[in-house]
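Remember, it's a predicted structure, so these values are computed and weren't measured experimentally. Order of the sequence lines fixes the chain letters, A, B, ..., with proteins taken first and strands second; residue numbering starts at 1 for each chain.
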2 protein chains.
Amino acid sequence: MPKKTIPHNRKTQRSSCPISCTLDILGDKWTLLIVRDMWMGYTRFKEFSAGPEGIPTNILSERLVRLVNSNITERVASADGSRHPAYQLTNKGKALIPTLESMIDWGLKWEDGASKKVAKR
Amino acid sequence: MPKKTIPHNRKTQRSSCPISCTLDILGDKWTLLIVRDMWMGYTRFKEFSAGPEGIPTNILSERLVRLVNSNITERVASADGSRHPAYQLTNKGKALIPTLESMIDWGLKWEDGASKKVAKR
DNA sequence: CCGGATCCGGTCTGATACTG
DNA sequence: CAGTATCAGACCGGATCCGG
(Lines give C-alpha, C1' and ligand atoms only; values in the text may rest on other atoms or scores of the structure.)
Protein backbone atom coordinates (compact mmCIF):
# COMPACT_ATOMS: atom_id res chain seq x y z
CA MET A 1 0.00 0.00 0.00
CA PRO A 2 2.00 2.95 -1.25
CA LYS A 3 -0.01 5.59 0.60
CA LYS A 4 0.29 8.33 -1.95
CA THR A 5 -0.08 12.05 -1.69
CA ILE A 6 -3.00 13.36 0.26
CA PRO A 7 -6.05 13.81 -2.00
CA HIS A 8 -6.26 17.49 -1.78
CA ASN A 9 -6.75 20.14 0.71
CA ARG A 10 -4.35 20.52 3.58
CA LYS A 11 -6.72 20.55 6.46
CA THR A 12 -10.31 19.68 7.08
CA GLN A 13 -11.40 22.88 5.42
CA ARG A 14 -14.58 23.35 7.36
CA SER A 15 -14.04 27.09 7.54
CA SER A 16 -17.22 29.05 7.19
CA CYS A 17 -15.71 32.47 6.60
CA PRO A 18 -15.47 33.10 2.88
CA ILE A 19 -12.00 34.54 3.23
CA SER A 20 -10.76 31.58 5.16
CA CYS A 21 -12.50 29.33 2.70
CA THR A 22 -10.82 31.04 -0.21
CA LEU A 23 -7.46 30.86 1.50
CA ASP A 24 -7.89 27.14 2.02
CA ILE A 25 -7.55 26.82 -1.73
CA LEU A 26 -5.39 29.77 -2.70
CA GLY A 27 -3.43 30.43 0.45
CA ASP A 28 0.02 29.42 -0.59
CA LYS A 29 2.94 30.79 -2.49
CA TRP A 30 2.32 29.14 -5.85
CA THR A 31 -1.32 28.61 -6.64
CA LEU A 32 -2.19 32.16 -7.60
CA LEU A 33 0.96 32.42 -9.67
CA ILE A 34 -0.28 29.55 -11.79
CA VAL A 35 -3.64 31.27 -12.13
CA ARG A 36 -1.80 34.42 -13.14
CA ASP A 37 0.08 32.54 -15.83
CA MET A 38 -3.09 31.09 -17.25
CA TRP A 39 -4.62 34.52 -17.17
CA MET A 40 -1.66 35.75 -19.20
CA GLY A 41 -2.43 33.13 -21.79
CA TYR A 42 0.04 30.42 -20.93
CA THR A 43 -1.40 26.95 -21.10
CA ARG A 44 1.30 24.36 -20.82
CA PHE A 45 3.19 22.66 -18.04
CA LYS A 46 6.46 23.74 -19.53
CA GLU A 47 5.41 27.35 -19.70
CA PHE A 48 4.37 27.48 -16.07
CA SER A 49 7.53 25.72 -15.10
CA ALA A 50 9.64 28.21 -17.03
CA GLY A 51 8.28 31.22 -15.15
CA PRO A 52 10.71 33.59 -13.45
CA GLU A 53 9.79 32.28 -10.02
CA GLY A 54 10.91 28.77 -10.84
CA ILE A 55 8.24 26.56 -9.37
CA PRO A 56 9.54 23.02 -8.86
CA THR A 57 7.93 20.50 -11.16
CA ASN A 58 6.56 18.31 -8.43
CA ILE A 59 4.84 21.25 -6.77
CA LEU A 60 3.49 22.47 -10.07
CA SER A 61 2.14 19.05 -10.81
CA GLU A 62 0.39 18.79 -7.48
CA ARG A 63 -1.06 22.29 -7.69
CA LEU A 64 -2.42 21.66 -11.15
CA VAL A 65 -4.25 18.60 -9.88
CA ARG A 66 -5.62 20.63 -7.01
CA LEU A 67 -6.74 23.43 -9.28
CA VAL A 68 -8.45 21.01 -11.60
CA ASN A 69 -10.14 19.27 -8.69
CA SER A 70 -11.32 22.62 -7.39
CA ASN A 71 -12.70 23.45 -10.81
CA ILE A 72 -10.59 26.54 -11.13
CA THR A 73 -8.79 25.20 -14.14
CA GLU A 74 -9.51 22.50 -16.66
CA ARG A 75 -7.25 20.20 -18.53
CA VAL A 76 -8.06 20.12 -22.20
CA ALA A 77 -6.57 18.80 -25.39
CA SER A 78 -4.15 21.32 -26.74
CA ALA A 79 -5.64 23.53 -29.39
CA ASP A 80 -2.68 23.51 -31.74
CA GLY A 81 -2.75 19.83 -32.48
CA SER A 82 0.17 19.04 -30.24
CA ARG A 83 -0.45 15.94 -28.18
CA HIS A 84 0.46 17.68 -24.94
CA PRO A 85 -2.24 18.67 -22.49
CA ALA A 86 -3.24 22.28 -22.04
CA TYR A 87 -4.64 23.97 -18.98
CA GLN A 88 -7.00 26.89 -18.93
CA LEU A 89 -9.13 28.81 -16.51
CA THR A 90 -12.73 27.86 -16.01
CA ASN A 91 -15.28 30.54 -15.24
CA LYS A 92 -14.59 29.94 -11.59
CA GLY A 93 -10.93 30.53 -12.29
CA LYS A 94 -11.57 33.64 -14.33
CA ALA A 95 -13.55 34.97 -11.40
CA LEU A 96 -10.25 35.25 -9.56
CA ILE A 97 -9.00 37.94 -11.89
CA PRO A 98 -10.31 40.80 -9.75
CA THR A 99 -8.36 39.38 -6.85
CA LEU A 100 -5.22 39.24 -8.96
CA GLU A 101 -5.80 42.78 -10.13
CA SER A 102 -6.19 44.06 -6.62
CA MET A 103 -2.92 42.38 -5.73
CA ILE A 104 -1.23 44.02 -8.68
CA ASP A 105 -2.50 47.41 -7.56
CA TRP A 106 -1.31 46.81 -4.05
CA GLY A 107 2.06 45.46 -5.08
CA LEU A 108 2.72 48.37 -7.42
CA LYS A 109 1.71 50.97 -4.92
CA TRP A 110 3.27 49.59 -1.77
CA GLU A 111 6.03 47.23 -2.67
CA ASP A 112 8.92 48.83 -4.36
CA GLY A 113 10.80 46.37 -6.41
CA ALA A 114 7.61 45.41 -8.15
CA SER A 115 8.07 46.31 -11.74
CA LYS A 116 5.37 47.59 -14.01
CA LYS A 117 4.97 44.43 -15.95
CA VAL A 118 3.12 41.37 -14.88
CA ALA A 119 5.03 38.20 -15.55
CA LYS A 120 7.28 39.67 -18.16
CA ARG A 121 9.19 37.02 -19.99
CA MET B 1 28.92 28.30 3.44
CA PRO B 2 26.30 27.18 5.95
CA LYS B 3 23.54 29.37 4.55
CA LYS B 4 21.13 29.17 7.49
CA THR B 5 17.49 30.08 7.67
CA ILE B 6 16.55 33.10 5.67
CA PRO B 7 15.86 36.11 7.93
CA HIS B 8 12.28 36.62 7.15
CA ASN B 9 10.79 36.24 3.85
CA ARG B 10 10.81 32.73 2.59
CA LYS B 11 12.85 33.25 -0.52
CA THR B 12 15.11 35.85 -1.90
CA GLN B 13 12.10 37.87 -2.90
CA ARG B 14 13.63 39.44 -5.91
CA SER B 15 10.43 38.84 -7.80
CA SER B 16 9.63 41.68 -10.09
CA CYS B 17 6.04 40.75 -10.84
CA PRO B 18 3.75 42.64 -8.49
CA ILE B 19 1.62 39.57 -7.92
CA SER B 20 4.59 37.46 -7.02
CA CYS B 21 5.87 40.27 -4.89
CA THR B 22 2.58 40.49 -3.04
CA LEU B 23 2.47 36.76 -2.56
CA ASP B 24 5.93 36.81 -1.06
CA ILE B 25 4.36 38.62 1.86
CA LEU B 26 0.80 37.38 1.91
CA GLY B 27 1.08 33.99 0.30
CA ASP B 28 0.31 31.71 3.16
CA LYS B 29 -2.64 30.38 5.03
CA TRP B 30 -2.62 32.76 7.99
CA THR B 31 -1.38 36.22 7.13
CA LEU B 32 -4.48 37.49 5.38
CA LEU B 33 -6.66 36.06 8.12
CA ILE B 34 -4.88 38.27 10.61
CA VAL B 35 -5.39 41.23 8.31
CA ARG B 36 -9.04 40.28 8.10
CA ASP B 37 -9.31 40.23 11.87
CA MET B 38 -7.77 43.65 12.19
CA TRP B 39 -10.08 44.90 9.50
CA MET B 40 -12.97 43.59 11.58
CA GLY B 41 -11.77 45.67 14.46
CA TYR B 42 -9.91 43.16 16.56
CA THR B 43 -6.67 44.44 17.94
CA ARG B 44 -5.27 42.00 20.46
CA PHE B 45 -3.15 38.89 20.36
CA LYS B 46 -5.75 37.01 22.31
CA GLU B 47 -8.50 37.99 19.92
CA PHE B 48 -6.61 36.82 16.87
CA SER B 49 -5.70 33.67 18.65
CA ALA B 50 -9.32 33.00 19.57
CA GLY B 51 -10.52 33.07 15.97
CA PRO B 52 -12.46 30.10 14.61
CA GLU B 53 -9.51 28.93 12.55
CA GLY B 54 -7.34 28.48 15.61
CA ILE B 55 -3.99 29.88 14.61
CA PRO B 56 -1.26 28.54 16.89
CA THR B 57 0.34 31.16 19.11
CA ASN B 58 3.83 30.70 17.79
CA ILE B 59 2.68 31.17 14.22
CA LEU B 60 0.59 34.17 15.18
CA SER B 61 3.50 35.69 16.98
CA GLU B 62 5.80 35.26 14.03
CA ARG B 63 3.28 36.58 11.54
CA LEU B 64 2.65 39.65 13.62
CA VAL B 65 6.33 40.44 13.62
CA ARG B 66 6.42 39.97 9.89
CA LEU B 67 3.40 42.17 9.34
CA VAL B 68 4.88 44.89 11.49
CA ASN B 69 8.19 44.65 9.67
CA SER B 70 6.40 44.91 6.37
CA ASN B 71 4.58 47.98 7.60
CA ILE B 72 1.21 46.42 7.08
CA THR B 73 0.34 46.61 10.73
CA GLU B 74 1.63 48.63 13.62
CA ARG B 75 1.98 47.80 17.26
CA VAL B 76 0.59 50.53 19.45
CA ALA B 77 -0.24 51.07 23.08
CA SER B 78 -3.71 49.78 23.75
CA ALA B 79 -6.29 52.52 23.70
CA ASP B 80 -8.28 51.33 26.72
CA GLY B 81 -5.53 51.76 29.24
CA SER B 82 -4.76 48.07 29.45
CA ARG B 83 -1.06 47.43 29.45
CA HIS B 84 -1.32 44.91 26.62
CA PRO B 85 -0.19 45.84 23.14
CA ALA B 86 -2.64 46.45 20.36
CA TYR B 87 -2.20 45.88 16.66
CA GLN B 88 -3.83 47.81 13.90
CA LEU B 89 -3.64 48.24 10.17
CA THR B 90 -1.48 50.93 8.68
CA ASN B 91 -2.53 52.62 5.46
CA LYS B 92 -0.57 50.00 3.63
CA GLY B 93 -2.54 47.37 5.46
CA LYS B 94 -5.86 49.05 4.81
CA ALA B 95 -4.97 49.05 1.15
CA LEU B 96 -5.40 45.28 1.26
CA ILE B 97 -9.09 45.56 1.94
CA PRO B 98 -10.07 45.46 -1.74
CA THR B 99 -8.17 42.21 -2.04
CA LEU B 100 -10.02 40.79 0.94
CA GLU B 101 -13.31 41.94 -0.50
CA SER B 102 -12.62 40.31 -3.82
CA MET B 103 -11.87 37.09 -1.98
CA ILE B 104 -15.12 37.35 -0.09
CA ASP B 105 -17.00 37.79 -3.33
CA TRP B 106 -15.28 34.84 -4.87
CA GLY B 107 -15.71 32.61 -1.84
CA LEU B 108 -19.38 33.39 -1.57
CA LYS B 109 -20.06 32.84 -5.20
CA TRP B 110 -17.96 29.77 -5.87
CA GLU B 111 -17.29 27.99 -2.65
CA ASP B 112 -20.33 26.53 -1.07
CA GLY B 113 -19.81 26.12 2.60
CA ALA B 114 -18.83 29.73 2.84
CA SER B 115 -21.37 31.36 5.06
CA LYS B 116 -22.62 34.87 4.64
CA LYS B 117 -20.78 36.29 7.57
CA VAL B 118 -17.16 37.21 7.68
CA ALA B 119 -15.45 36.02 10.80
CA LYS B 120 -18.57 35.78 12.86
CA ARG B 121 -17.82 35.16 16.51
C1' DC C 1 -4.68 35.66 32.98
C1' DC C 2 -2.02 37.64 28.82
C1' DG C 3 1.48 37.88 25.27
C1' DG C 4 4.52 35.54 23.68
C1' DA C 5 8.89 31.96 23.44
C1' DT C 6 10.55 27.32 23.32
C1' DC C 7 10.52 22.53 22.32
C1' DC C 8 9.74 18.88 19.35
C1' DG C 9 7.50 15.44 16.24
C1' DG C 10 5.53 15.14 11.99
C1' DT C 11 4.39 17.13 7.52
C1' DC C 12 5.44 19.53 3.47
C1' DT C 13 8.59 21.94 0.39
C1' DG C 14 11.80 22.16 -3.13
C1' DA C 15 16.17 20.68 -5.80
C1' DT C 16 17.30 17.23 -8.58
C1' DA C 17 17.25 12.88 -10.89
C1' DC C 18 14.52 9.90 -13.31
C1' DT C 19 10.82 7.83 -16.53
C1' DG C 20 7.30 7.06 -20.44
C1' DC D 1 7.57 17.34 -22.71
C1' DA D 2 4.86 16.16 -18.80
C1' DG D 3 5.06 14.62 -15.11
C1' DT D 4 7.02 11.00 -10.66
C1' DA D 5 10.39 9.56 -7.24
C1' DT D 6 13.35 10.66 -3.74
C1' DC D 7 14.99 12.70 0.29
C1' DA D 8 17.11 16.17 3.38
C1' DG D 9 15.91 19.97 5.55
C1' DA D 10 12.57 23.73 6.38
C1' DC D 11 8.38 24.72 8.39
C1' DC D 12 4.04 23.89 10.78
C1' DG D 13 1.44 23.33 14.70
C1' DG D 14 0.27 21.32 19.36
C1' DA D 15 1.81 21.56 23.92
C1' DT D 16 4.14 23.61 27.37
C1' DC D 17 6.60 27.05 29.70
C1' DC D 18 7.56 31.75 31.37
C1' DG D 19 7.75 36.78 32.66
C1' DG D 20 4.77 40.57 33.85
Side-chain angles (χ1 to χ4, degrees), chain A residues 1-13 15 20 23-24 27-31 33-34 37-38 42-69 73-88, chain B residues 1-13 15 20 23-24 27-31 33-34 37-38 42-69 73-88:
Chain A
M1 223 39 115
K3 182 53 172 64
K4 304 307 292 288
T5 38
I6 287 107
H8 68 4
N9 257 327
R10 52 213 120 212
K11 250 335 189 15
T12 21
Q13 196 213 344
S15 359
S20 172
L23 288 172
D24 277 339
D28 78 283
K29 204 170 67 182
W30 298 110
T31 307
L33 289 177
I34 299 172
D37 283 353
M38 292 187 191
Y42 298 102
T43 61
R44 294 194 20 200
F45 192 97
K46 175 76 175 311
E47 294 175 313
F48 307 140
S49 166
E53 292 86 6
I55 180 171
T57 60
N58 55 347
I59 304 285
L60 172 56
S61 174
E62 191 212 328
R63 293 298 194 275
L64 283 172
V65 169
R66 209 137 86 182
L67 284 169
V68 169
N69 286 343
T73 72
E74 53 190 354
R75 192 181 198 258
V76 297
S78 102
D80 62 357
S82 130
R83 70 200 184 300
H84 301 299
Y87 296 89
Q88 58 187 227
Chain B
M1 233 25 144
K3 192 60 169 56
K4 302 307 293 282
T5 36
I6 287 104
H8 68 19
N9 260 326
R10 51 212 118 216
K11 247 340 188 13
T12 22
Q13 197 210 344
S15 0
S20 173
L23 288 172
D24 277 338
D28 78 284
K29 204 169 67 183
W30 297 112
T31 307
L33 289 178
I34 300 172
D37 283 353
M38 292 186 191
Y42 298 103
T43 61
R44 294 194 22 202
F45 191 98
K46 177 75 177 312
E47 295 176 312
F48 307 139
S49 166
E53 293 89 5
I55 181 171
T57 62
N58 53 347
I59 304 285
L60 172 56
S61 173
E62 191 212 329
R63 293 298 194 274
L64 283 173
V65 169
R66 210 137 84 181
L67 284 169
V68 169
N69 286 342
T73 72
E74 54 191 352
R75 193 180 198 256
V76 297
S78 101
D80 62 357
S82 132
R83 71 203 183 299
H84 301 299
Y87 296 88
Q88 58 187 227

Expected rows: protein N/O vs nucleotides 2-7 of chain C N/O, under 3.5 Å:
unit_1 : atom_1 : unit_2 : atom_2 : d
C:dC2  : OP1    : B:K46  : NZ     : 3.2
C:dC2  : OP2    : B:K46  : NZ     : 2.9
C:dC2  : O3'    : B:R44  : NH2    : 3.2
C:dG3  : OP1    : B:R44  : NE     : 2.9
C:dG3  : OP1    : B:R44  : NH2    : 3.2
C:dG3  : OP2    : B:K46  : N      : 3.0
C:dG4  : OP1    : B:R75  : NH2    : 2.7
C:dG4  : OP2    : B:Y87  : OH     : 2.4
C:dA5  : OP2    : B:S61  : OG     : 2.7
C:dA5  : N6     : B:T57  : OG1    : 2.9

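Phosphate contact (OP1/OP2 of C:dT13, side-chain N/O of A:R63, threshold under 4.0 Å): present. A sub-4.0 Å separation between OP1 or OP2 of C:dT13 and a side-chain N or O of A:W30 is absent.
Interatomic distance, CZ of B:R63 versus CG of B:N69, reported as 13.0 Å (0.5 Å rounding). Between the OG1 atom in B:T31 and the CG atom in B:L64 there is a gap of 9.5 Å [rounded to 0.5 Å]. Interatomic distance, A:F45 CZ to A:L60 CG, rounded to the nearest 0.5 Å: 4.0 Å. Rounded to the nearest 0.5 Å, atoms CG (A:D28) and CZ (A:R66) are 6.0 Å apart.
With sequence neighbours excluded, the residues forming a side-chain hydrogen bond (donor to acceptor under 3.5 Å, both in side chains) with B:S78 are B:D80, listed by chain and number.
Taking atom NZ of residue B:K29 and atom P of nucleotide C:dT11, one finds them 14 Å apart after rounding to whole Å. B:I59 has its CD1 atom 14 Å from the P atom of C:dC12, to the nearest Å. B:L60 has its CG atom 17 Å from the C1' atom of D:dC11, to the nearest Å. The CG-C1' distance, from A:D28 to D:dA10, rounds to 16 Å in whole Å. Between A:I55 atom CD1 and D:dG3 atom P there is a gap of 13 Å when expressed in whole angstrom units. Atom C1' of nucleotide C:dA15 and atom CD of A:E53 are separated by 17 Å, given to the nearest angstrom.
Between A:M38 and A:Q88 the shortest side-chain heavy-atom distance does not fall below 4.5 Å.
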